[in-house]
Amino acid sequence: KAGVTQTPRYLIKTRGQQVTLSCSPISGHRSVSWYQQTPGQGLQFLFEYFSETQRNKGNFPGRFSGRQFSNSRSEMNVSTLELGDSALYLCASSLGGTGETQYFGPGTRLLVL
Amino acid sequence: TQLLEQSPQFLSIQEGENLTVYCNSSSVFSSLQWYRQEPGEGPVLLVTVVTGGEVKKLKRLTFQFGDARKDSSLHITAAQPGDTGLYLCADPTGGGNKLTFGTGTQLKVEL
């Protein structure tokens with residue numbers, strides 16, 4: 001069974017631009033969560049989608065948004081990029097029930113110049 | 001939201017040594033998970049502990065949940081270079097599938 005895939009793996013943007021990251025969950029998984037990982041703040045929860053609905057949201061500004069499609073694939077968007085948005089963005093998928101094992105993708109490394 | 005403090009922050013040891021890393025909180029955990037993240041990869045779940053005082057073993061790794069469920073430890077016996085990575089504890093009870101991660105311990109095992 002294929003694991004969680006994220007595209008692109010690396011991305012360079014400039015301040016003020018917007019970016020869209022994609023996550024394809026493990027087949028059959030209906031929950032996708034997104035996390036931001038930085039050296040200073042560690043791994044922080046952004047949001048979770050389940051059956052195309054946002055089920056939970058972390059403490060990030062509205063510039064960070066996401067969505068989930070009917071095939072469970074998910075995208076996250078960051079608008080008006082800031083230097084501090086440079087990070088590794090990870091997504092994780094699970095079957096969907098609460099507290100189930102989550103499987104992480106390798107992440108998208110975003111650098112904002 | 002629980003604040004999960006891990007110590008030490010960094011650890012560099014020689015192959016064959018033993019080590020222990022800690023995860024502490026001021027609040028009680030309902031359950032706690034440990035993950036390992038290798039360079040270029042996402043975290044991988046190692047174990048979930050649920051009961052106070054619980055001890056779980058995974059080959060050379062021993063996980064312990066404190067009696068009061070406010071702390072946990074991970075002990076590695078005879079560390080190997082393959083154990084190198086970022087070790088993270090996480091609270092999986094934030095609602096839905098939200099994970100609240102600890103600050104992490106970066107482990108490097110050298111030959």
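Below, chains carry the letters A, B, ... as their sequence lines are ordered, and counting in each starts from 1. Because only heavy atoms are used, hydrogens play no part in the values below, and waters and symmetry mates are left out as well, while side chains stay in. None of the values given here were measured: they were computed from a predicted structure.
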* **chain A contact via B:Leu99 - which portion, at a heavy-atom distance below 4.5 Å** =>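 Looking at B:Leu99, backbone and side chain both touch chain A.
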Hey, any chance [X] and [Y] share a hydrophobic cluster, counting ILVMFWY side chains that come within less than 4.5 Å of each other, even indirectly?
X	Y	value
B:Tyr22	B:Phe101	no
B:Trp34	B:Leu4	yes
A:Leu81	A:Leu46	yes
A:Val112	A:Leu88	no
A:Leu21	A:Leu113	no

* To do: Quick one: pull up OG in A:Ser94 and CG in B:Asn97 and give me the separation to the nearest 0.5 Å.
  => 3.5 Å
If you count the non-hydrogen atoms of other residues, nucleotides and ligands that lie under 6.0 Å from [atom1] in [X], is the total more than 12?
X	atom1	answer
A:Gln41	CD	no
B:Gln80	CD	yes
A:Asn59	CG	no

* Structure fact -> Applying a strict 4.5 Å limit to non-hydrogen atoms, the region of A:Tyr35 in contact with chain B is side chain
* **Segment of A:Leu90 engaging chain B (4.5 angstrom heavy-atom cut-off)** =>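 Interface part for A:Leu90: side chain.
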* **Residues of residues 36-44 of chain B within contact distance of chain A, non-hydrogen under 4.5 Å** => B:Gln37, B:Gly40, B:Glu41, B:Gly42, B:Pro43
* Asked: Do any of residues 47-73 of chain B have a heavy atom less than 4.5 Å from a heavy atom of chain A, and if so, which, in residue order?
  ->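 At a heavy-atom separation under 4.5 Å, chain A is reached by no residue of residues 47-73 of chain B.
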* Asked: In terms of heavy-atom pairs under 4.5 Å, which option from A:Arg109, A:Gln37, A:Gln44 contacts chain B the most?
  ->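 Option with the top pair count is A:Gln37.
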* Asked: Quick check: does any side chain N or O of A:Asn56 sit under 3.5 Å from a backbone N or O of B:Gly95, one acting as donor and the other as acceptor?
  ->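 Flag set: sc A:Asn56 to bb B:Gly95 pair under 3.5 Å.
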